[in-house]
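Order of listing sets the numbers, starting from 1, for every ligand and every atom in it.
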Amino acid sequence: MSVLHPSTQFDAIVVGAGFAGLYMLHRLRTMGFRALVLEAGEGVGGTWYWNRYPGARCDVESMEYSYQFDAALQQEWNWSERYATQPEILRYAEHVAERFDLKRDIRFETRVTAARFYEDTARWMIEAEDGRRFDAGFLVMATGCLSTSNTPAFPGGDAFSGERYLTGRWPHHPVSFKGKRVGIIGTGSSAIQAIPLIAAEATQLTVFQRTPNYSVPAHNAPLDPEAARAIKADYATLRRRARQNRAGIDFTINPKKALEVTSEERQRVYEERWAMGGFHFYGCFSDLPLDLAANETAQDFIRSKIRAVVRDPKTAATLSPANVFGCKRLCVDSGYWETFNRPNVTLVDVASEPIEALTQAGVRVGGREHALDAIVFATGFDAMTGALNRIDISGPGGARLVDTWRDGPRTYLGLGIAGFPNLFTITGPGSPSVLTNMLPSIEQHVEWIADCLVHLRARGLRRIEAEPAAQDAWVAHGAEVADATLRGTCSSWYLGSNIPGKPLVFMPYIGGFPAYVQKCAEVVASGYDGFRLS
Ligand code: FAD
Ligand code: NAP
């Protein structure tokens, strides 16, 4: 029997107050459940609360990177740019929290460190860093796929005496690089957004690049109020079209194959999509993710664009990616390649000669010290499993999640985990998640979980657990569809290869958003096939 005070007992506890946790709380409340959110930060917004680096903005267009569960919310909010900035997205998250009166059921500055399932009560005991305990029938992890920063252990460690910044944990006070020599480590999406802005402010910017990335122009601009009004007049159509796309984003995928068209047509399509900006480029030809020869034509096109912009041929060559286009996450930029024409920007290739050490004065590479006043670590995240594995989660009998996932994450649909009853993950490994516009993926999971809890309540059931056989089949299917693509051919955080020692498993489900949604609906229609309910 529980000895906890009733104020710490809940039908469901949700961990994380990003977009997933906020909507989960609202939905649970609407369904009449007593729910609480535990959040490590001091405010809502998750990604958009932590990532305050210069240039941070979404790369899914604002009109789509927003909730659709509430028609009035969708109508009343006005985005100001094609791709919203971090401050604007954070204001939106705040607005949602206020509008639905969510904060009264969120405990901020509450980092969850452990959770244990007790078989006798069929309930979870959740423990926070400060020792507080909470008890819940169901535990929903809305801890984020990109919420645990990767901080590589460079030799020299703390030697550097200047300022240090981590993109994923940016300070809340304004940071000025005026008059400073700044170094940035990394050239992923975060760095590619930050570099043009830091270069414009700093005296000198040194970019330490290990692997060059493909980036397409955002063509960001103020949002045309007329265009926004037209979308709002028929928002459902935009949302429906997006749901039919494998990434859950409203762009068309050209059904033609790159090598089946003439070189003139190929060039025309690439130019057209380049001019459209952003993820439209993903849809140039249907075979780009599958056929290496086709993919090489897209690689060649982007490399030609880099050469056309970057004046110094050596710098252009160093910036040119050689891996498969779309293998790492495609970056979307505003003036990234142009930045390397600035006289105050230097590119240092740390692929051939890795960073030797952080020194008191800067960064040493190939025996040469680069003197710096500040270093920005844009070194990414321990993605998808990082936040979950940092919590000591144990199932009945004490089996720990971190041990269960030693060889990589295994889930059923990215929603449930065999051996861990009454535990749900929102956009967990094994779901399309980070391969999609995250907002619709989050909403689909939240609604699935809430409906599931209503189903259990209506039948007087208190326990649900993924069946091992169903999980094995889903994991095998996930691996099979991933193996059919070129996505496993490079080092990426999707695979876990950015974190030393992390098992190499392609973590998100690559079968596409529509097929996945259909599978989840079929599971429900068949009475939760693959889950054991009791
Ligand atoms: P998060 O926003 O990551 O929130 C998780 C929350 O859980 C955090 O607040 C964290 O503090 C909390 N938490 C974690 N562990 C614990 C714990 N143990 N105890 C208590 N609290 C905990 N996706 C897109 O679709 N389009 C984009 O344009 C896009 N841009 C991005 C830009 C950046 C810089 C980054 C990093 C990611 C971007 N993403 C984008 C992905 C983005 O993470 C999702 O779109 C979305 O914001 C995720 O929401 P979430 O609620 O699932 O997770
Ligand atoms: P990332 O893509 O993983 O990039 C990290 C960078 O750091 C890479 O260039 C990596 O090089 C480098 N790096 C890591 N360890 C290093 C080391 N020891 N030495 C030298 N370089 C090292 O991380 P991110 O840029 O934060 O982006 C992560 C994801 O967040 C994105 O893919 C995207 O999904 C999301 N995001 C989206 C946006 C947006 O545009 N809306 C913005 C930011 C982030 P290697 O490639 O060689 O490992």
Donor-acceptor pair, side chain of [X] and main chain of [Y], under 3.5 angstrom:
X	Y	value
S497	L495	no
R52	T167	no
W124	D135	no
E109	E42	no

Centroid-centroid distance, [X] to [Y], less than 6.0 Å:
X	Y	result
F208	H370	yes
Y165	F177	yes
F19	Y67	yes
F100	F69	yes
F279	F251	no

Distance only, no hydrogens: is a donor on one side chain within 3.5 Å (strictly under) of an acceptor on the other, for [X] and [Y]?
X	Y	result
Q193	Y53	yes
R181	T206	no
Q86	R91	no
N213	T187	no
R273	T252	yes

Counting from 1, what ligand 1 atoms have a heavy atom of [X] closer than 4.0 Å?
X	result
F381	36 (C)
V60	26 (N), 28 (O)
A142	5 (C), 6 (C), 7 (O)
S147	3 (O)
A40	20 (C), 21 (N)
N437	25 (O)
I391	18 (N)

Handout entry: N or O pair under 3.5 Å between R57 and ligand 2
Key =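 Yes; the residue has a nitrogen or oxygen that sits under 3.5 Å from a nitrogen or oxygen of the ligand.
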
Problem - Nitrogen or oxygen atoms of K328 and ligand 2 under 3.5 Å apart - result: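 There is such a contact, yes.
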
Handout entry: Test item: R132 and E127 side chains (from C-beta on) under 4.5 Å apart, heavy atoms
Key =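 No, every pair of side-chain atoms sits at 4.5 Å or beyond.
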
Handout entry: For ligand 2, the portion of F381 having any non-hydrogen atom under 4.0 Å away
Key =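 Within the 4.0 Å criterion, F381 contacts ligand 2 through side-chain atoms alone.
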
Exercise for the section: Measure F377 to ligand 2 on non-hydrogen atoms and call it side chain, backbone, both or neither using the 4.0 Å cut-off. Expected result: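 Under 4.0 Å from ligand 2, F377 contributes no heavy atoms.
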
Is [X] near ligand 1, meaning one of its heavy atoms is under 4.0 Å from it?
X	result
Y83	no
T110	yes
L38	yes
T436	yes
Y49	no

Do me a favour and list the nearest non-hydrogen protein atom to [atom] with residue, atom name and distance?
atom	value
atom 32 (C) of ligand 1	W48 CH2, 3.5 Å
atom 47 (O) of ligand 1	Y65 OH, 3.1 Å
atom 5 (C) of ligand 2	A378 O, 3.3 Å
atom 48 (O) of ligand 2	R210 NH2, 2.9 Å
atom 30 (O) of ligand 2	L146 CD1, 3.5 Å
atom 9 (O) of ligand 2	T187 N, 2.9 Å
atom 23 (O) of ligand 2	G380 CA, 3.1 Å
atom 38 (C) of ligand 2	S189 CB, 3.7 Å
atom 27 (C) of ligand 1	D59 OD1, 3.4 Å
atom 47 (O) of ligand 2	T211 OG1, 2.4 Å
atom 3 (O) of ligand 2	W493 CD1, 3.5 Å

Problem - With Y65, the ring pair (Phe, Tyr, Trp, His ring centres under 6.0 Å) member among W48, Y92, Y83, W79 - result: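 When W48, Y92, Y83, W79 are each tested with Y65, the ring pair (Phe, Tyr, Trp, His ring centres under 6.0 Å) holds only for W48.
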
Considering only NZ, NE, NH1 and NH2 on the basic side and carboxylate oxygens on the acidic side, decide whether [X] and [Y] come within less than 4.0 Å.
X	Y	answer
R239	E64	no
R364	E369	no
E94	K103	yes
D11	R34	no

May I ask you to check if ligand 1 and [X] share an N or O to N or O distance below 3.5 Å?
X	answer
V112	yes
F19	yes
M438	yes
E39	yes
N51	no
W50	yes

Problem - Contact partition for Y53 relative to ligand 1, non-hydrogen atoms under 4.0 Å - result: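 Y53 to ligand 1: side-chain contact only, backbone stays beyond 4.0 Å.
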
Handout entry: cation_pi(R329, Y494) dist<6.0 Å, angle<=45
Key =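 Here R329 fails the 6.0 Å and 45° test against Y494.
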
Problem - Atoms of ligand 2, numbered as shown, that sit under 4.0 Å from any heavy atom of G186 - result: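 Result: 6 (C), 7 (O), 9 (O), 12 (C).
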
Problem - Atoms in ligand 2 with a heavy atom of P152 nearer than 4.0 Å - result: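 Here the atoms of ligand 2 in question are 15 (N), 18 (N).
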
Among [options], whose heavy atom sits nearest [atom]?
atom	options	result
atom 7 (O) of ligand 1	C58, G16, G168	G16
atom 43 (O) of ligand 1	T47, V14, V44, I442	T47
atom 16 (C) of ligand 1	T427, T143, L435	T143

